[in-house]
J.: 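My structure is below; once you've seen it, I'll send some questions.
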Amino acid sequence: MAYEFPVDFQWGVATSSYQIEGAIAEDGRSPSVWDTFSRRLGRIKDFKSGDIACDHYHLYPEDVKLIQQLGVKQYRFSTSWCRIVPEGRGAVNPKGLAFYSRLVDCLLEAGIEPVITLFHWDSPQALETRYGSWQSREMAQDFADYAAIVVAALGDRVTRWITLNEMTCFTHLAYKVGKTPEHAPGTKVKTQRDVWQTSHHALLAHGLGVQAIRAASPQKCDVSIVDNPGITVPLTETESNIQAAKNAFPYHCGNGGMIYPALTGAYHPGLLEELGENAPVIQSGDLETIFQPIDSLGLNIYTGTYIRSADNAKGCDWVPVPKGYPKLHMPWLQVVPESLYWGIRHVSETLNRPDLPIYITENGCAADDELTNNGEVLDTDRILYLRQYLKTVQRAAAEGYPIKGYFLWSLLDNFEWSWGYSRRFGITHVDYKTQKRSPKASFEWYREVVRSNRVM
Ligand code: FCB
(Lines give C-alpha, C1' and ligand atoms only; values in the text may rest on other atoms or scores of the structure.)
Protein backbone atom coordinates (compact mmCIF):
# COMPACT_ATOMS: atom_id res chain seq x y z
CA MET A 1 0.00 0.00 0.00
CA ALA A 2 1.15 3.53 -0.67
CA TYR A 3 3.03 5.39 2.06
CA GLU A 4 3.23 2.36 4.30
CA PHE A 5 5.92 2.17 7.00
CA PRO A 6 7.97 -0.92 7.92
CA VAL A 7 6.08 -3.25 10.27
CA ASP A 8 8.47 -2.64 13.16
CA PHE A 9 8.51 1.15 12.74
CA GLN A 10 8.30 2.89 16.14
CA TRP A 11 5.85 5.73 16.69
CA GLY A 12 6.29 8.10 19.60
CA VAL A 13 5.83 11.55 21.07
CA ALA A 14 8.36 13.78 22.85
CA THR A 15 8.50 16.35 25.65
CA SER A 16 11.14 17.77 28.00
CA SER A 17 11.27 18.37 31.75
CA TYR A 18 11.49 22.16 32.06
CA GLN A 19 8.93 22.70 29.32
CA ILE A 20 6.13 20.70 30.96
CA GLU A 21 6.81 19.79 34.60
CA GLY A 22 6.36 22.98 36.64
CA ALA A 23 6.70 22.27 40.40
CA ILE A 24 10.03 24.06 40.37
CA ALA A 25 10.43 24.26 44.14
CA GLU A 26 8.93 20.93 45.08
CA ASP A 27 10.47 17.84 46.66
CA GLY A 28 13.96 19.28 46.86
CA ARG A 29 14.42 20.50 43.30
CA SER A 30 16.94 23.33 43.07
CA PRO A 31 16.78 26.13 40.49
CA SER A 32 18.01 25.42 36.99
CA VAL A 33 19.68 27.94 34.70
CA TRP A 34 16.31 28.34 32.96
CA ASP A 35 14.64 29.38 36.23
CA THR A 36 17.27 32.07 36.64
CA PHE A 37 17.17 33.09 33.01
CA SER A 38 13.40 33.46 32.94
CA ARG A 39 13.62 35.82 35.89
CA ARG A 40 15.93 38.13 33.97
CA LEU A 41 13.77 40.90 32.62
CA GLY A 42 12.99 40.75 28.95
CA ARG A 43 14.57 37.38 28.17
CA ILE A 44 11.28 35.49 27.83
CA LYS A 45 8.26 36.70 25.90
CA ASP A 46 5.59 38.15 28.23
CA PHE A 47 7.88 37.57 31.25
CA LYS A 48 6.83 33.94 31.45
CA SER A 49 8.70 31.02 33.00
CA GLY A 50 8.40 27.27 33.51
CA ASP A 51 7.19 27.76 37.13
CA ILE A 52 3.95 25.91 36.45
CA ALA A 53 4.10 25.04 32.73
CA CYS A 54 1.74 22.07 32.15
CA ASP A 55 1.95 20.99 35.80
CA HIS A 56 2.96 17.61 34.47
CA TYR A 57 4.75 16.90 37.77
CA HIS A 58 1.30 16.43 39.29
CA LEU A 59 -0.76 15.57 36.23
CA TYR A 60 1.51 12.90 34.73
CA PRO A 61 -1.02 10.05 35.15
CA GLU A 62 -3.46 11.99 32.98
CA ASP A 63 -0.73 12.68 30.41
CA VAL A 64 0.25 9.03 30.27
CA LYS A 65 -3.41 8.22 29.56
CA LEU A 66 -3.29 10.67 26.67
CA ILE A 67 -0.23 8.92 25.24
CA GLN A 68 -2.03 5.62 25.58
CA GLN A 69 -5.07 7.04 23.82
CA LEU A 70 -2.81 8.23 21.01
CA GLY A 71 -1.65 4.67 20.53
CA VAL A 72 2.08 5.31 20.36
CA LYS A 73 4.31 2.80 22.10
CA GLN A 74 7.30 5.06 22.81
CA TYR A 75 7.54 8.22 24.90
CA ARG A 76 10.63 10.43 24.92
CA PHE A 77 10.97 12.70 27.96
CA SER A 78 13.86 14.14 29.93
CA THR A 79 15.01 13.90 33.51
CA SER A 80 15.90 17.09 35.30
CA TRP A 81 19.42 17.20 36.68
CA CYS A 82 18.44 19.79 39.33
CA ARG A 83 15.71 17.53 40.72
CA ILE A 84 18.09 14.61 41.07
CA VAL A 85 21.41 16.20 42.02
CA PRO A 86 20.29 19.64 43.24
CA GLU A 87 23.80 21.05 43.71
CA GLY A 88 24.86 19.67 40.33
CA ARG A 89 27.36 17.32 41.99
CA GLY A 90 27.41 15.46 45.26
CA ALA A 91 24.28 14.63 47.22
CA VAL A 92 21.46 12.80 45.46
CA ASN A 93 17.85 13.83 46.12
CA PRO A 94 15.81 10.60 46.44
CA LYS A 95 12.51 12.46 45.96
CA GLY A 96 13.68 13.67 42.57
CA LEU A 97 14.50 10.14 41.47
CA ALA A 98 11.23 8.90 42.95
CA PHE A 99 9.22 11.14 40.63
CA TYR A 100 10.83 9.65 37.52
CA SER A 101 10.51 6.18 38.96
CA ARG A 102 6.73 6.72 39.36
CA LEU A 103 6.52 8.08 35.82
CA VAL A 104 8.43 5.10 34.40
CA ASP A 105 6.18 2.63 36.24
CA CYS A 106 3.08 4.43 35.05
CA LEU A 107 4.33 4.28 31.44
CA LEU A 108 5.25 0.62 31.64
CA GLU A 109 1.84 -0.25 33.08
CA ALA A 110 0.30 1.56 30.11
CA GLY A 111 2.44 -0.46 27.69
CA ILE A 112 4.61 2.50 26.71
CA GLU A 113 8.37 2.31 26.48
CA PRO A 114 10.28 5.17 28.16
CA VAL A 115 13.05 6.80 26.12
CA ILE A 116 14.98 9.08 28.44
CA THR A 117 17.00 12.16 27.54
CA LEU A 118 19.37 12.88 30.41
CA PHE A 119 19.92 16.50 29.51
CA HIS A 120 17.42 18.80 27.85
CA TRP A 121 18.99 22.13 28.89
CA ASP A 122 17.81 22.58 32.53
CA SER A 123 21.19 22.24 34.26
CA PRO A 124 21.57 23.19 37.93
CA GLN A 125 22.10 26.89 38.62
CA ALA A 126 24.57 25.76 41.30
CA LEU A 127 27.02 24.75 38.56
CA GLU A 128 26.52 28.05 36.79
CA THR A 129 27.45 29.81 40.03
CA ARG A 130 30.36 27.47 40.66
CA TYR A 131 32.10 27.52 37.29
CA GLY A 132 29.92 29.03 34.56
CA SER A 133 28.30 25.79 33.34
CA TRP A 134 29.52 24.77 29.87
CA GLN A 135 32.42 27.23 29.99
CA SER A 136 34.12 24.71 32.26
CA ARG A 137 35.48 21.27 31.41
CA GLU A 138 34.27 20.15 34.82
CA MET A 139 30.70 20.23 33.53
CA ALA A 140 31.41 17.14 31.41
CA GLN A 141 32.39 14.96 34.37
CA ASP A 142 29.58 16.29 36.53
CA PHE A 143 27.11 15.39 33.78
CA ALA A 144 28.50 11.88 33.51
CA ASP A 145 28.24 11.38 37.28
CA TYR A 146 24.63 12.55 37.26
CA ALA A 147 23.87 10.28 34.28
CA ALA A 148 25.24 7.29 36.19
CA ILE A 149 22.94 8.06 39.12
CA VAL A 150 19.83 8.11 36.93
CA VAL A 151 20.79 4.95 35.06
CA ALA A 152 21.60 3.10 38.27
CA ALA A 153 18.17 4.03 39.67
CA LEU A 154 15.99 3.42 36.60
CA GLY A 155 18.10 1.08 34.49
CA ASP A 156 16.27 -2.00 35.76
CA ARG A 157 13.22 -0.77 33.79
CA VAL A 158 14.65 1.61 31.19
CA THR A 159 17.02 0.56 28.41
CA ARG A 160 16.94 3.55 26.07
CA TRP A 161 19.16 6.46 27.00
CA ILE A 162 19.97 9.70 25.24
CA THR A 163 22.89 11.74 26.59
CA LEU A 164 22.24 15.28 25.35
CA ASN A 165 19.57 17.15 23.43
CA GLU A 166 20.74 19.57 20.70
CA MET A 167 24.23 20.67 21.75
CA THR A 168 24.09 23.78 19.57
CA CYS A 169 21.14 25.21 21.46
CA PHE A 170 22.59 25.11 24.96
CA THR A 171 26.03 26.25 23.82
CA HIS A 172 26.04 28.42 20.69
CA LEU A 173 22.64 29.98 21.46
CA ALA A 174 23.46 30.35 25.15
CA TYR A 175 26.93 31.96 24.90
CA LYS A 176 27.43 34.82 22.47
CA VAL A 177 30.01 37.42 21.54
CA GLY A 178 28.71 40.98 21.47
CA LYS A 179 25.01 40.21 21.67
CA THR A 180 22.45 38.87 24.08
CA PRO A 181 22.07 35.10 23.92
CA GLU A 182 18.53 33.78 23.59
CA HIS A 183 19.06 30.65 25.68
CA ALA A 184 20.14 30.06 29.29
CA PRO A 185 22.50 30.64 30.95
CA GLY A 186 22.72 33.58 28.56
CA THR A 187 26.36 34.56 28.97
CA LYS A 188 28.24 37.06 26.86
CA VAL A 189 31.75 35.74 26.19
CA LYS A 190 34.81 37.43 24.72
CA THR A 191 35.59 35.40 21.63
CA GLN A 192 34.02 32.97 19.22
CA ARG A 193 36.60 30.51 20.45
CA ASP A 194 35.01 30.69 23.91
CA VAL A 195 31.72 29.72 22.29
CA TRP A 196 33.27 26.72 20.49
CA GLN A 197 34.88 25.72 23.77
CA THR A 198 31.41 25.34 25.34
CA SER A 199 30.27 22.95 22.61
CA HIS A 200 33.54 21.05 22.88
CA HIS A 201 32.77 20.55 26.58
CA ALA A 202 29.29 19.36 25.63
CA LEU A 203 30.85 16.78 23.29
CA LEU A 204 33.06 15.62 26.14
CA ALA A 205 29.99 15.34 28.36
CA HIS A 206 28.41 13.13 25.72
CA GLY A 207 31.46 10.86 25.51
CA LEU A 208 31.91 10.56 29.27
CA GLY A 209 28.14 10.18 29.57
CA VAL A 210 28.06 7.20 27.19
CA GLN A 211 30.77 5.47 29.23
CA ALA A 212 28.97 6.22 32.50
CA ILE A 213 25.63 4.94 31.21
CA ARG A 214 27.13 1.66 30.03
CA ALA A 215 28.98 1.20 33.31
CA ALA A 216 25.89 1.93 35.41
CA SER A 217 23.27 0.02 33.43
CA PRO A 218 22.30 -3.33 34.95
CA GLN A 219 21.30 -4.60 31.50
CA LYS A 220 22.15 -4.19 27.85
CA CYS A 221 20.96 -0.79 26.75
CA ASP A 222 20.65 1.48 23.73
CA VAL A 223 22.72 4.66 24.09
CA SER A 224 22.22 7.58 21.79
CA ILE A 225 22.68 11.32 21.30
CA VAL A 226 20.12 13.71 19.89
CA ASP A 227 21.48 16.29 17.49
CA ASN A 228 19.84 18.95 15.37
CA PRO A 229 22.18 19.32 12.43
CA GLY A 230 21.27 21.99 9.94
CA ILE A 231 19.90 20.09 6.94
CA THR A 232 21.12 20.92 3.46
CA VAL A 233 18.62 19.92 0.78
CA PRO A 234 19.52 19.77 -2.92
CA LEU A 235 17.51 22.31 -4.86
CA THR A 236 16.75 19.60 -7.40
CA GLU A 237 17.81 15.99 -7.11
CA THR A 238 20.39 16.10 -9.87
CA GLU A 239 23.74 14.51 -9.23
CA SER A 240 25.49 17.86 -9.08
CA ASN A 241 23.00 19.44 -6.66
CA ILE A 242 23.06 16.36 -4.45
CA GLN A 243 26.83 16.59 -4.35
CA ALA A 244 26.53 20.31 -3.53
CA ALA A 245 24.19 19.55 -0.59
CA LYS A 246 26.74 17.05 0.70
CA ASN A 247 29.58 19.56 0.28
CA ALA A 248 27.64 22.21 2.20
CA PHE A 249 26.62 19.91 5.06
CA PRO A 250 29.75 20.16 7.29
CA TYR A 251 29.83 23.96 6.98
CA HIS A 252 26.13 24.45 7.63
CA CYS A 253 25.09 25.51 11.17
CA GLY A 254 28.41 24.32 12.57
CA ASN A 255 27.61 20.65 11.75
CA GLY A 256 31.31 19.93 11.22
CA GLY A 257 32.02 20.78 14.85
CA MET A 258 28.99 19.09 16.43
CA ILE A 259 27.72 15.92 14.80
CA TYR A 260 31.06 15.22 13.04
CA PRO A 261 33.19 14.71 16.16
CA ALA A 262 30.43 12.60 17.77
CA LEU A 263 29.92 10.33 14.74
CA THR A 264 33.32 10.34 13.03
CA GLY A 265 35.80 11.07 15.81
CA ALA A 266 37.09 14.29 14.25
CA TYR A 267 36.04 17.86 13.65
CA HIS A 268 35.55 18.36 9.91
CA PRO A 269 38.96 19.60 8.62
CA GLY A 270 37.43 22.20 6.30
CA LEU A 271 35.37 23.67 9.12
CA LEU A 272 38.40 23.73 11.44
CA GLU A 273 40.35 25.61 8.81
CA GLU A 274 37.52 28.07 8.41
CA LEU A 275 37.35 28.57 12.19
CA GLY A 276 41.09 29.26 12.39
CA GLU A 277 41.89 30.77 15.79
CA ASN A 278 38.24 30.43 16.80
CA ALA A 279 38.56 26.65 16.90
CA PRO A 280 38.31 25.19 20.42
CA VAL A 281 41.27 23.86 22.35
CA ILE A 282 41.18 20.09 21.92
CA GLN A 283 43.29 18.25 24.48
CA SER A 284 44.95 14.99 23.64
CA GLY A 285 42.56 12.10 24.15
CA ASP A 286 39.45 14.30 23.84
CA LEU A 287 38.42 13.00 20.43
CA GLU A 288 38.71 9.40 21.59
CA THR A 289 36.52 10.22 24.59
CA ILE A 290 33.95 11.94 22.38
CA PHE A 291 33.86 9.23 19.71
CA GLN A 292 32.19 6.51 21.76
CA PRO A 293 30.35 3.70 20.06
CA ILE A 294 26.64 4.51 20.18
CA ASP A 295 23.69 2.28 19.34
CA SER A 296 21.51 4.77 17.52
CA LEU A 297 21.26 8.42 16.60
CA GLY A 298 18.41 10.83 17.25
CA LEU A 299 17.74 13.66 14.82
CA ASN A 300 15.59 16.69 15.62
CA ILE A 301 14.56 18.23 12.33
CA TYR A 302 12.03 20.97 11.65
CA THR A 303 13.27 22.70 8.52
CA GLY A 304 16.04 22.73 5.94
CA THR A 305 18.04 24.92 3.58
CA TYR A 306 18.19 24.54 -0.19
CA ILE A 307 21.60 24.19 -1.79
CA ARG A 308 22.68 24.15 -5.43
CA SER A 309 25.97 23.44 -7.10
CA ALA A 310 28.32 26.30 -7.85
CA ASP A 311 31.68 26.85 -9.39
CA ASN A 312 33.42 28.00 -6.20
CA ALA A 313 35.85 26.54 -3.64
CA LYS A 314 33.19 24.55 -1.77
CA GLY A 315 31.26 23.65 -4.90
CA CYS A 316 27.95 24.85 -3.48
CA ASP A 317 25.70 27.83 -2.99
CA TRP A 318 23.17 28.51 -0.25
CA VAL A 319 19.84 29.39 -1.87
CA PRO A 320 18.25 32.40 -0.12
CA VAL A 321 14.71 32.02 1.26
CA PRO A 322 12.24 33.96 -0.89
CA LYS A 323 10.10 36.56 0.90
CA GLY A 324 6.84 34.72 0.46
CA TYR A 325 8.10 31.23 1.35
CA PRO A 326 5.53 29.23 3.40
CA LYS A 327 6.21 29.15 7.13
CA LEU A 328 4.46 27.84 10.21
CA HIS A 329 4.14 29.91 13.38
CA MET A 330 7.84 30.57 14.03
CA PRO A 331 10.25 32.86 12.20
CA TRP A 332 12.59 29.95 11.41
CA LEU A 333 9.95 27.36 10.55
CA GLN A 334 10.05 27.29 6.74
CA VAL A 335 8.20 24.28 5.40
CA VAL A 336 10.86 21.99 3.91
CA PRO A 337 9.39 18.48 4.10
CA GLU A 338 12.39 16.81 2.37
CA SER A 339 14.61 17.96 5.25
CA LEU A 340 13.66 14.75 7.07
CA TYR A 341 14.61 12.55 4.14
CA TRP A 342 17.89 14.38 3.58
CA GLY A 343 18.75 14.46 7.27
CA ILE A 344 18.51 10.67 7.33
CA ARG A 345 20.40 10.26 4.06
CA HIS A 346 23.24 12.60 5.10
CA VAL A 347 23.99 10.39 8.10
CA SER A 348 24.37 7.36 5.87
CA GLU A 349 26.16 9.00 2.95
CA THR A 350 27.72 12.30 3.98
CA LEU A 351 28.80 11.22 7.46
CA ASN A 352 29.37 7.73 6.16
CA ARG A 353 27.54 6.03 9.03
CA PRO A 354 25.06 3.75 7.20
CA ASP A 355 25.47 1.36 10.15
CA LEU A 356 23.71 3.68 12.58
CA PRO A 357 19.98 3.17 13.27
CA ILE A 358 18.25 6.57 13.18
CA TYR A 359 15.24 7.92 15.01
CA ILE A 360 13.59 11.23 14.27
CA THR A 361 13.47 12.26 17.93
CA GLU A 362 11.65 15.53 17.23
CA ASN A 363 9.58 16.91 14.39
CA GLY A 364 6.46 19.02 14.49
CA CYS A 365 5.42 22.62 14.26
CA ALA A 366 3.99 25.62 16.04
CA ALA A 367 0.63 26.73 14.70
CA ASP A 368 -1.42 29.77 15.62
CA ASP A 369 -4.08 27.54 17.16
CA GLU A 370 -7.50 28.80 18.17
CA LEU A 371 -10.12 27.09 20.25
CA THR A 372 -13.54 26.96 18.61
CA ASN A 373 -16.65 27.72 20.65
CA ASN A 374 -17.09 24.06 21.41
CA GLY A 375 -13.51 23.69 22.55
CA GLU A 376 -11.93 22.12 19.48
CA VAL A 377 -8.66 23.00 17.77
CA LEU A 378 -8.97 22.30 14.04
CA ASP A 379 -5.29 22.61 13.21
CA THR A 380 -5.36 21.60 9.57
CA ASP A 381 -2.16 23.64 9.07
CA ARG A 382 -0.29 21.34 11.46
CA ILE A 383 -1.76 18.30 9.73
CA LEU A 384 -0.62 19.63 6.36
CA TYR A 385 2.90 20.08 7.74
CA LEU A 386 3.05 16.65 9.37
CA ARG A 387 1.65 14.83 6.35
CA GLN A 388 4.22 16.29 3.98
CA TYR A 389 7.12 15.66 6.36
CA LEU A 390 6.13 12.09 7.20
CA LYS A 391 5.91 11.15 3.54
CA THR A 392 9.61 11.85 3.22
CA VAL A 393 10.42 9.65 6.24
CA GLN A 394 8.48 6.88 4.53
CA ARG A 395 10.53 7.47 1.39
CA ALA A 396 13.76 7.11 3.36
CA ALA A 397 12.53 3.83 4.85
CA ALA A 398 11.39 2.55 1.44
CA GLU A 399 14.81 3.33 -0.03
CA GLY A 400 16.43 1.26 2.70
CA TYR A 401 17.94 3.91 4.96
CA PRO A 402 18.01 2.71 8.59
CA ILE A 403 15.22 4.91 9.92
CA LYS A 404 13.59 3.11 12.84
CA GLY A 405 11.11 5.53 14.36
CA TYR A 406 9.54 8.95 14.65
CA PHE A 407 8.73 11.04 17.74
CA LEU A 408 6.36 13.93 17.23
CA TRP A 409 7.11 17.17 19.07
CA SER A 410 5.06 17.57 21.11
CA LEU A 411 2.44 15.70 23.12
CA LEU A 412 1.35 18.95 24.78
CA ASP A 413 1.54 22.67 24.19
CA ASN A 414 4.32 23.78 26.52
CA PHE A 415 6.89 26.38 27.57
CA GLU A 416 8.65 27.18 24.32
CA TRP A 417 11.85 28.66 25.82
CA SER A 418 12.36 32.34 25.02
CA TRP A 419 8.96 32.37 23.29
CA GLY A 420 7.24 31.54 26.56
CA TYR A 421 3.73 30.23 25.98
CA SER A 422 3.17 32.25 22.81
CA ARG A 423 4.05 29.34 20.54
CA ARG A 424 2.09 26.09 20.64
CA PHE A 425 3.77 22.92 19.35
CA GLY A 426 1.38 20.41 20.90
CA ILE A 427 -1.04 18.00 19.32
CA THR A 428 -2.91 18.46 22.59
CA HIS A 429 -4.10 21.94 23.51
CA VAL A 430 -3.33 23.07 27.06
CA ASP A 431 -5.39 25.75 28.75
CA TYR A 432 -2.76 27.16 31.09
CA LYS A 433 -5.36 28.64 33.45
CA THR A 434 -7.24 25.41 34.08
CA GLN A 435 -4.65 22.84 32.90
CA LYS A 436 -7.35 21.28 30.78
CA ARG A 437 -5.94 19.12 27.96
CA SER A 438 -7.87 18.98 24.67
CA PRO A 439 -6.58 16.78 21.86
CA LYS A 440 -6.43 18.76 18.62
CA ALA A 441 -7.48 17.54 15.18
CA SER A 442 -3.80 16.72 14.58
CA PHE A 443 -3.93 14.31 17.55
CA GLU A 444 -6.69 12.35 15.83
CA TRP A 445 -4.82 12.52 12.55
CA TYR A 446 -1.59 11.21 14.08
CA ARG A 447 -3.48 8.48 15.93
CA GLU A 448 -4.74 7.24 12.59
CA VAL A 449 -1.21 7.30 11.13
CA VAL A 450 0.01 5.24 14.08
CA ARG A 451 -2.94 2.84 13.93
CA SER A 452 -2.66 2.19 10.20
CA ASN A 453 1.15 2.49 10.07
CA ARG A 454 0.87 4.67 7.02
CA VAL A 455 0.50 8.29 6.12
CA MET A 456 -2.42 9.37 3.98
C1 FCB B 1 13.80 22.00 19.77
C2 FCB B 1 13.85 21.68 21.25
C3 FCB B 1 12.52 21.44 21.89
C4 FCB B 1 11.44 22.35 21.35
C5 FCB B 1 11.45 22.37 19.85
C6 FCB B 1 10.39 23.25 19.23
O7 FCB B 1 14.90 22.76 19.44
O8 FCB B 1 14.63 20.54 21.46
O9 FCB B 1 12.69 21.57 23.28
O10 FCB B 1 11.52 23.59 21.92
O11 FCB B 1 12.70 22.77 19.37
Side-chain angles (χ1 to χ4, degrees), residues 12-22 32-35 37-38 43-45 48-50 53-54 56 75-81 115-123 162-174 181-184 199 202 206 224-231 253-255 258-259 297-305 327-336 339-340 343 359-369 379 381-382 385-386 389 406-428 430 440 442:
V13 273
T15 63
S16 90
S17 47
Y18 190 69
Q19 293 179 277
I20 64 166
E21 284 177 2
S32 73
V33 290
W34 272 94
D35 294 284
F37 191 67
S38 39
R43 292 302 170 89
I44 313 287
K45 190 156 179 357
K48 300 290 187 190
S49 71
C54 307
H56 172 79
Y75 174 50
R76 171 177 176 241
F77 64 96
S78 73
T79 49
S80 168
W81 189 342
V115 178
I116 296 187
T117 310
L118 291 156
F119 183 67
H120 201 124
W121 311 352
D122 46 353
S123 53
I162 294 162
T163 53
L164 307 174
N165 179 70
E166 300 191 356
M167 285 178 288
T168 313
C169 292
F170 64 86
T171 59
H172 290 225
L173 295 185
E182 64 253 47
H183 280 201
S199 49
H206 161 69
S224 176
I225 183 171
V226 164
D227 193 44
N228 59 328
I231 305 301
C253 302
N255 291 347
M258 302 277 174
I259 196 168
L297 172 71
L299 293 176
N300 291 355
I301 299 174
Y302 292 87
T303 188
T305 300
K327 254 192 221 151
L328 270 295
H329 197 219
M330 260 302 188
W332 49 264
L333 200 43
Q334 278 91 23
V335 180
V336 183
S339 56
L340 285 181
Y359 294 89
I360 300 298
T361 33
E362 282 180 31
N363 171 247
C365 66
D368 198 359
D369 294 328
D379 53 341
D381 43 1
R382 181 174 285 105
Y385 172 101
L386 293 171
Y389 275 66
Y406 173 94
F407 293 74
L408 198 155
W409 183 275
S410 181
L411 171 67
L412 303 169
D413 290 338
N414 59 48
F415 176 76
E416 180 48 34
W417 310 113
S418 55
W419 291 90
Y421 297 96
S422 69
R423 290 297 187 276
R424 293 177 177 272
F425 273 85
I427 53 172
T428 306
V430 176
K440 303 177 190 178
S442 55

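Both counts, for ligands and for their atoms, begin at 1 and track the order of listing.
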J.: What's the separation between atom CG in Asp413 and atom CG in Asp369, rounded to the nearest 0.5 Å?
T.: 6.0 Å

J.: Output the list of atoms in ligand 1 that are nearer than 4.0 Å to some heavy atom of Trp417, sorted by atom number.
T.: 3 (C), 4 (C), 9 (O), 10 (O)

J.: Could you say whether the N/O atoms of Ser16 and ligand 1 ever approach to under 3.5 Å?
T.: no

J.: Excluding sequence neighbours, so at least two apart, what forms side-chain hydrogen bond (donor to acceptor under 3.5 Å, both in side chains) with Thr303?
T.: none

J.: Applying side chain to side chain contact (heavy atoms under 4.5 Å, CB included) between Ile44 and each of Trp417, Trp419, Trp34, report the one that passes.
T.: Trp34

J.: Would you say the side-chain atoms of Glu166 pair up with the backbone N or O of Asn228, donor to acceptor, closer than 3.5 Å?
T.: no

J.: Would you say Trp121 has any N or O atom under 3.5 Å from an N or O of ligand 1, going by distance alone?
T.: no

J.: Starting from atom 2 (C) of ligand 1, which protein heavy atom do you reach first, and at what distance in Å?
T.: Glu362 OE1, 3.4 Å

J.: Could you pull out all residues at least two apart from Thr171 that satisfy side-chain hydrogen bond (donor to acceptor under 3.5 Å, both in side chains)?
T.: none

J.: Give yes or no for whether the N/O distance cutoff of 3.5 Å, strictly under, is met between Glu416 and ligand 1.
T.: yes

J.: Hey, which atoms in ligand 1 end up nearer than 4.0 Å to a heavy atom of Trp409?
T.: 3 (C), 4 (C), 5 (C), 6 (C), 9 (O)

J.: Could you identify the single nearest non-hydrogen protein atom to atom 5 (C) of ligand 1 and state the distance to 0.1 Å?
T.: Tyr302 OH, 3.3 Å

J.: Check whether the ring centres of Tyr406 and Tyr359 lie less than 6.0 Å apart, and answer yes or no.
T.: no

J.: Tell me, which protein residue and heavy-atom name are nearest atom 7 (O) of ligand 1, and how many Å apart are they?
T.: Glu166 OE1, 2.6 Å

J.: Against heavy atoms of Asn165, which atoms of ligand 1 measure under 4.0 Å?
T.: 8 (O)

J.: Only heavy atoms of His120, strictly under 4.0 Å: list the atoms of ligand 1 that pass.
T.: 2 (C), 3 (C), 8 (O), 9 (O)

J.: Does any N or O of ligand 1 fall below 3.5 Å from an N or O anywhere on Trp332, backbone included?
T.: no

J.: Against heavy atoms of Gln19, which atoms of ligand 1 measure under 4.0 Å?
T.: 3 (C), 4 (C), 9 (O), 10 (O)

J.: Could Arg76 and Glu362 be called an ion pair, given the rule that one side-chain N must be under 4.0 Å from one carboxylate O?
T.: yes

J.: Checking the side chain of His183 only, and the main-chain atoms of Phe170 only, is there a donor and an acceptor separated by less than 3.5 Å?
T.: no

